[in-house]
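The structure under discussion appears below in the form of structure tokens.
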Amino acid sequence: MFHDAYIAFGSNLGDRSANIQKAAAALNSLGQMKRVSPILEYPAVDSPAGSPAFLNGVLHLQTELTPRELLDGLLNIELQIGRKRSVRNAPRIIDLDLLMYDQVQSDAADLQLPHPRMHERRFVLEPFCVLAPDLIHPRLNKSIQQLFSELP
């Protein structure tokens with residue numbers, strides 16, 4: 001059975017476009033990519049001073065993996081591309097965040113669904129609106145478009 005997953009991606013180190021292309025190619029091992037949003041540039045948010053701007057977007061992946069298997073796959077792709085975790089929100093070569101997986105809700109410490117801060121982030125909601133404006137956030141019971149329009 002296929003599941004709909006929405007994944008945010010971003011890069012603000014090195015050749016940002018190439019990093020995103022590598023991640024997209026690797027994601028094919030986790031499922032079938034259905035659509036990809038435009039890739040937009042945004043300033044780094046809640047990052048150390050002087051952090052470079054990100055290229056960000058969202059993609060729709062259909063997968064047979066469970067949410068945990070998908071998350072593990074995303075973390076593995078980050079490692080393969082060269083992400084090194086240090087300070088929270090530090091600049092990074094690639095960032096892959098599982099935003100939503102069907103209408104699944106999870107409060108596990110290592111698997112929170114939907115992503116707990118996605119509704120606060122323009123760099124997530126703006127590209128997400130291109131893919132699925134009418135998709136309903138299962139906790140907030142609002143569409144992605146509504147969440148985007150409520151941003152300050």
Side-chain angles (χ1 to χ4, degrees), residues 1-14 16-40 42 44-47 51 54-148:
M1 179 174 184
F2 283 98
H3 302 277
D4 291 304
Y6 291 89
I7 298 162
F9 58 86
S11 176
N12 74 336
L13 285 180
R16 301 174 302 168
S17 293
N19 298 337
I20 289 168
Q21 289 174 359
K22 287 179 196 171
L27 283 164
N28 287 321
S29 69
L30 304 179
Q32 182 180 9
M33 207 171 319
K34 300 306 280 184
R35 292 185 64 207
V36 180
S37 75
I39 297 171
L40 305 170
Y42 296 91
V45 174
D46 297 328
S47 296
S51 293
F54 274 87
L55 290 182
N56 290 101
V58 173
L59 62 88
H60 174 199
L61 185 80
Q62 284 192 325
T63 185
E64 293 185 273
L65 300 176
T66 67
R68 183 150 320 271
E69 290 168 338
L70 180 56
L71 179 61
D72 289 344
L74 297 176
L75 295 172
N76 188 46
I77 290 169
E78 288 180 341
L79 284 173
Q80 289 174 9
I81 294 174
R83 177 164 181 184
K84 303 208 180 345
R85 293 184 182 271
S86 60
V87 178
R88 182 177 172 89
N89 296 327
R92 45 210 175 270
I93 194 165
I94 194 69
D95 187 29
L96 299 171
D97 289 330
L98 181 55
L99 301 175
M100 291 180 63
Y101 180 101
D102 292 337
Q103 291 291 300
V104 171
Q105 297 181 43
S106 172
D107 292 316
D110 62 340
L111 179 62
Q112 296 179 315
L113 287 171
H115 189 286
R117 292 172 303 284
M118 66 177 262
H119 64 284
E120 302 168 349
R121 295 176 166 172
R122 179 172 302 281
F123 65 87
V124 170
L125 292 176
E126 188 171 6
F128 203 166
C129 277
V130 173
L131 297 185
D134 299 324
L135 185 66
I136 300 296
H137 188 292
R139 289 194 193 274
L140 303 176
N141 203 27
K142 294 181 179 181
S143 72
I144 300 303
Q145 180 64 52
Q146 285 176 293
L147 294 172
F148 177 63

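Put simply, the side chain of Arg35 never gets that close to the backbone of His60: no donor and acceptor are under 3.5 Å apart. Judged by distance alone, the side chain of Ser51 and the main-chain N or O of Ala44 form no donor-acceptor pair under 3.5 Å. A side-chain donor-acceptor contact under 3.5 Å links Ser29 to the backbone of Ala26. Of the possible donor and acceptor atoms, one in the side chain of Asn19 sits under 3.5 Å from a partner among the backbone N and O of Ile93.
Expressed to the nearest 0.5 Å, how far CZ of Phe9 lies from CG of Leu99 amounts to 10.5 Å. Here the OG-CZ distance, from Ser11 to Phe54, works out to 7.5 Å after rounding to the nearest 0.5 Å. Here the CG atom belonging to Leu65 is positioned 10.0 Å from the CZ atom belonging to Phe2, to the nearest 0.5 angstrom. Rounded to the nearest 0.5 Å, atoms CG (Asn141) and CD (Gln146) are 8.5 Å apart. Of the inter-residue distances, the one linking Met100 atom CE with Ile136 atom CD1 reads 8.5 Å to the nearest 0.5 angstrom. Interatomic distance, OH of Tyr101 versus OG1 of Thr66, reported as 6.0 Å (0.5 Å rounding).
Arg83 and Ile94 get closest at one heavy-atom pair: CD-O, 3.1 Å. Taking every heavy atom of both residues into account, Leu96 and Ala23 meet most closely at CD2-CB, 4.3 Å. What you find for Pro127 and Pro38 is that their closest heavy atoms are CB-O, 4.2 Å.
Side-chain contact between Leu135 and Gln103: present, with at least one pair of heavy atoms (C-beta onward) separated by less than 4.5 Å. By the 4.5 Å heavy-atom criterion applied to side chains, Leu61 and Leu70 are counted as neighbours. Between Phe128 and Met118, some side-chain heavy-atom pair lies under the 4.5 Å cut-off. Annotation: side chain of Val58 is in contact with side chain of Leu131 (closest heavy-atom distance under 4.5 Å). Residues Leu30 and Ile77 meet the side-chain proximity criterion, which asks for heavy atoms closer than 4.5 Å. Taking the side chain as every heavy atom from C-beta outward, Arg139 and Gln105 approach each other to under 4.5 Å. No side-chain heavy atom of Pro91 sits under 4.5 Å from any side-chain heavy atom of Ser47. Counting heavy atoms from C-beta on, the side chains of Leu125 and Glu120 never come closer than 4.5 Å.
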Exercise. Going through the checks in order, is the side chain to side chain contact (heavy atoms under 4.5 Å, CB included) test met by Arg121 and Tyr42?
Worked result: CA-CA 11 Å; Arg121 295 176 166 172; Tyr42 296 91; over 6 Å; no
Problem set entry | Residue pair Arg68, Asp110: steps toward the side chain to side chain contact (heavy atoms under 4.5 Å, CB included) verdict | CA-CA 9 Å; Arg68 183 150 320 271; Asp110 62 340; 2.7 Å; yes
For this session: List the steps, then state whether side chain to side chain contact (heavy atoms under 4.5 Å, CB included) holds for Leu55 with Asn12.
Result: CA-CA 6 Å; Leu55 290 182; Asn12 74 336; over 6 Å; no
Exercise. How far apart are the C-alpha atoms of His115 and Leu98, what are their side-chain angles, what is the distance that settles it, and do they pass the side chain to side chain contact (heavy atoms under 4.5 Å, CB included) test?
Worked result: CA-CA 7 Å; His115 189 286; Leu98 181 55; over 6 Å; no
Exercise. Which is it for Arg92 and Glu78 under the salt bridge (Lys or Arg N to Asp or Glu O under 4.0 Å) test, yes or no, and what are the steps along the way?
Worked result: CA-CA 10 Å; Arg92 45 210 175 270; Glu78 288 180 341; over 6 Å; no
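For the residue pair Gln62/Asp4, the side-chain donor-acceptor check at 3.5 Å is satisfied.
The number of heavy atoms from other shown groups lying within 6.0 Å of CG (Asp46) does not exceed 12.
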